[in-house]
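Taking it in order: structure first as structure tokens, then the write-up.
Numbers for residues simply follow the sequence, beginning at 1.
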Amino acid sequence: GGHESVMAALPFKLPEVEDNPTGWGPQGEPSVFAGIPYQPFSKSDKLGKVASEFTGATNFRRDRYGNAYGGGDAFSYHHDDDSSFQLVDTSRVKQGFKSTKRWRNKRYVRTDPMRGVQQLSFNKNRERDRQRLERKLKKKWGQTAQRRFDRQVLKNLDSSVDVKPNWELLEDIEFSKLAKLKMPVEKPVDFKKVGFVRYVDRAQDRITAKTEVALHKDWNSNWEPYAVTASEDPILKRMDAAGKASVFATDDVLSTLMCASRSFYSWDVLVTKQDDKLWFDKREDGVIDYITVDETAFQPPNEDGDSHNAPLNLAREATFVDHAFRMQSLSSGKKKLMKTENPFAEEKDTPVAYRYRTWDLQGVKLACRTTHDAAMTNKEQQDEYVSVKSFMEWNPQGNANLNWRSGLTQQRGAVLASQLKDNAFKLGRWVTSAKLASNTSMRVGYVSRVNPADNRRHSILNVDTFRTDKFAEQINLNINNGWAVVRSLIGLFMKQEDGQYIIVKDPGRASIKVYRLPEEGVAADLGAEDESEQMTRISTGILSGSATI
């Protein structure tokens, strides 16, 4: 009885049995699994399939975790509407180029005195090396800053002549305008050759810095260059009377005008117009008579007063050295005579020849006195005329520590390159004068002080010979530009009334100014000066100061 009561308390209900007349098993989808995706699998499938990273596995994974029923996409995600979907990029965005002060101003970075200190190797002497390098860099960049300051100060130069308030300014011509001019000129016509020349001493070609030769003449402060201006030349006056030309000048004045855009110091040229004729003259003992030293250098000479390294004293010393070197470069043997004697009594016995020539400048005839310094026999055993000039080293440590006594042996090209840069105006005048005279070669000597502190004794360290045309190309000299500058100035003065004018290189600016002088001329303004005042006036064309304009 007890067992029956227990069975009655436990109800028993048979599950729903589906009848499948076409086969066996249930038909349709059971209600409890409605909406749940189903992927058929076999009991023999390995459980590693569950940990598979993606269904499109490599062949290795497919072989290892194979499915008896093949692949399926029951659990693949399908998204039909992408309008509300937005992908968020979580990768780091690279910043674009951003200019900084360090990038914009590399010069500021390079001029850091401490640059390179961190690059020293950390050895037992690193502190000593660091201090040594720090002192070296501070000295280097300190000198650079000082040179920049000195160059800025030197821009305030005085005029070579005191410009008076009653001088009328006609033109202010910038060098940038002159550089664009160009005018081809035909070959000149010779009028007369005077004087005589000696042949160069070829033994000087063997001089080296190790076998330097003393300059025979010592510097004399009373020595003055001798050069007659155009209006006092008797042969140019004879050409004027014969109607050979309407414009007259000498090669030193003409070369100055043709190379004006290369100049830095102030200079001046007097111009006289009378009866439609022009005379280009230099003032007596003017700046043009002297050879400047390192005029276009990054740091030109800037000592003041009576120092022998003051710009004026250096110019006078270099002019004397140039003359003494030319005399010493000539042989004592035969000489080449011109048809006519030298008309200047002071140069009767001086070995120098002058060639008077005329050029046709677009209908205007120009007469000029050119100079032959020496003669030389070429490889074809023919005589040719030579210009003899010299560079002067006054400060062995002033040119990037390039001492000529060692540099001419090891870095000869660097020494010449430094001179081309530091003396661009002087070299331009030399080459232009050589081309005006048709001197086919230029003989250039390197002369240095025996002692940098002594400006009286000098030594010849080396001698070079250049073909004039090749040298002109090397210094980028365009003779056609020079002729165009001269022709434009002639046209300017031809439009003016008869009288006296002056061309002045503006101190501190890359331009030249043309003034009309009062009737008494510039001689009246300078006539009251004594010799010392006159020399002071000359120095103002080279020394810094302020001009009265």
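Formation of a donor-acceptor pair under 3.5 Å by the Q274 side chain with backbone atoms of G499 is not found in this model. Using a distance-only test at 3.5 Å, with no hydrogens or angles considered, a donor-acceptor pair links the side chain of S307 to the main chain of N309. Panel note: side chain T292, backbone A315; no donor-acceptor pair is recorded below 3.5 Å. In terms of modelled atom types and a separation under 3.5 Å, the side chain of S448 and the main chain of S459 share no donor-acceptor contact. Using modelled atom types, no side-chain atom of D422 and backbone atom of T296 make a donor-acceptor pair closer than 3.5 Å. Looking at E171, its side chain never comes within 3.5 Å of a backbone N or O of V514 through a donor-acceptor pair. Counting only distance, with no hydrogens or angles, the side chain of N439 and the backbone of S441 share no donor-acceptor pair below 3.5 Å.
Counting heavy atoms of neighbouring residues, nucleotides and ligands inside a 6.0 Å radius, atom CG of D349 does not exceed 12 of them. Shown here is K339, whose NZ atom has no more than 12 heavy atoms of other residues, nucleotides or ligands within 6.0 Å. Other residues, nucleotides and ligands place more than 12 heavy atoms under 6.0 Å from the CG atom of N378. By the neighbour-count criterion of 12 heavy atoms within 6.0 Å, atom CD of Q496 is densely surrounded, having more than that number from other residues, nucleotides or ligands. Around CD of E346, the count of heavy atoms belonging to other residues, nucleotides or ligands within 6.0 Å exceeds 12.
A donor and an acceptor atom, one from each side chain of Q382 and T377, are nowhere located under 3.5 Å apart. A donor-acceptor contact under 3.5 angstrom links the side chains of R516 and Y501, judged on distance only. Donor-acceptor pairing under 3.5 Å is lacking for the side chains of S433 and D251. At a cut-off of 3.5 Å, with distance as the only test, a side-chain donor of R443 or T465 sits close to an acceptor on the other residue. Side-chain contact annotation: D201 with S329, donor-acceptor N/O pair under 3.5 Å absent. A donor-acceptor contact under 3.5 angstrom links the side chains of T250 and D252, judged on distance only. There is a side-chain donor-acceptor pair under 3.5 Å between T256 and R429. Inspection of the W394 and D294 side chains reveals an N or O donor paired with an N or O acceptor under 3.5 Å.
A ring-centre distance under 6.0 Å is not found for F191 and Y356. Y354 and F344 have their aromatic ring centers within a separation under 6.0 angstrom.
Across all their heavy atoms, R355 and T370 have their closest contact at O-OG1, 2.7 Å. Here the shortest heavy-atom pairing between V197 and A375 reads CG2-CB, 3.9 Å. Of all non-hydrogen atoms in H308 and A453, the two that sit nearest each other are CE1-O, 3.1 Å. Closest approach of K348 to F196, counting heavy atoms only: O-CE2, 3.8 Å.
Within the model, atoms CG of D373 and OG of S387 stand 5.0 Å from one another, a figure rounded to the nearest 0.5 Å.
Residues F391 and L427 form a side-chain contact, since some pair of their non-hydrogen atoms from C-beta on lies under 4.5 Å apart. Looking at heavy atoms from C-beta onward, V287 lies out of side-chain contact with S266 at the 4.5 angstrom threshold. W359 places none of its side-chain heavy atoms less than 4.5 Å from the side chain of V189. Y446 has its side chain out of reach of V463: every pair of non-hydrogen atoms, C-beta onward, lies at least 4.5 Å apart. Contact check for I460 versus Q328: side-chain heavy atoms found under the 4.5 Å cut-off. You'll find the side chain of L477 reaches within 4.5 Å of the side chain of T432, heavy atoms only. Looking at heavy atoms from C-beta onward, K389 lies in side-chain contact with D322 at the 4.5 angstrom threshold. Looking at Y515 and K513, their side chains come closer than 4.5 Å, going by heavy atoms from C-beta outward.
Using a cutoff of 4.0 Å between basic side-chain nitrogens and carboxylate oxygens, D205 and R202 are scored as salt-bridged. Between E295 and R262, none of the side-chain N atoms (NZ, or NE/NH1/NH2) sits under 4.0 Å from a carboxylate O, so this pair counts as no salt bridge. By the 4.0 Å N-to-carboxylate-O rule, D469 lies too far from R467 to be salt-bridged with it. A salt bridge does not link R238 with D233: none of the charged nitrogens is closer than 4.0 Å to a carboxylate oxygen. In this structure, D289 pairs ionically with K282, as a charged nitrogen and a carboxylate oxygen lie closer than 4.0 Å. Salt bridge present: R449 and E317 bring a charged side-chain N and a carboxylate O closer than 4.0 Å. Salt bridge present: K336 and D383 bring a charged side-chain N and a carboxylate O closer than 4.0 Å.
In this view, D268 and R283 satisfy the salt bridge (charged side-chain N to carboxylate O under 4.0 Å, His left out) rule, not counting sequence neighbours.
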**Study point:** Stepwise side chain to side chain donor-acceptor pair (under 3.5 Å) check, S511 with D172
**Key:** CA-CA 7 Å; S511 67; D172 187 354; 3.3 Å; yes

Run E347 and Y226 through side-chain contact (heavy atoms from CB on, under 4.5 Å) and show every step you take. CA-CA 9 Å; E347 292 185 326; Y226 176 80; 3.3 Å; yes

If you apply the rule side-chain contact (heavy atoms from CB on, under 4.5 Å), what do you find for F280 with L254, and how did you get there? CA-CA 8 Å; F280 288 84; L254 200 59; over 6 Å; no

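Under the 30°/60° scheme for interplanar angles, the aromatic rings of W267 and F425 are found to lie parallel.
F493 does not carry K273 over the face of its six-membered ring by the limits of under 6.0 Å from the centre and within 45° of the normal.
With respect to D190, the salt bridge (Lys or Arg N to Asp or Glu O under 4.0 Å) criterion is satisfied by exactly one of K244, R357, R369: R357. Exactly one residue among V161, V163, V271 makes a side chain to side chain contact (heavy atoms under 4.5 Å, CB included) with I502. That residue is V161.
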Which pairs would a plain distance check flag for residues 480-490, meaning a side-chain donor or acceptor within less than 3.5 Å of a matching protein atom at least two apart in sequence or in another chain?
unit_1, atom_1, unit_2, atom_2, d
N481, ND2, L178, O, 2.8
N481, ND2, L181, O, 2.7
R487, NE, L361, O, 2.8
S488, OG, A484, O, 3.3
S488, OG, V485, O, 2.7

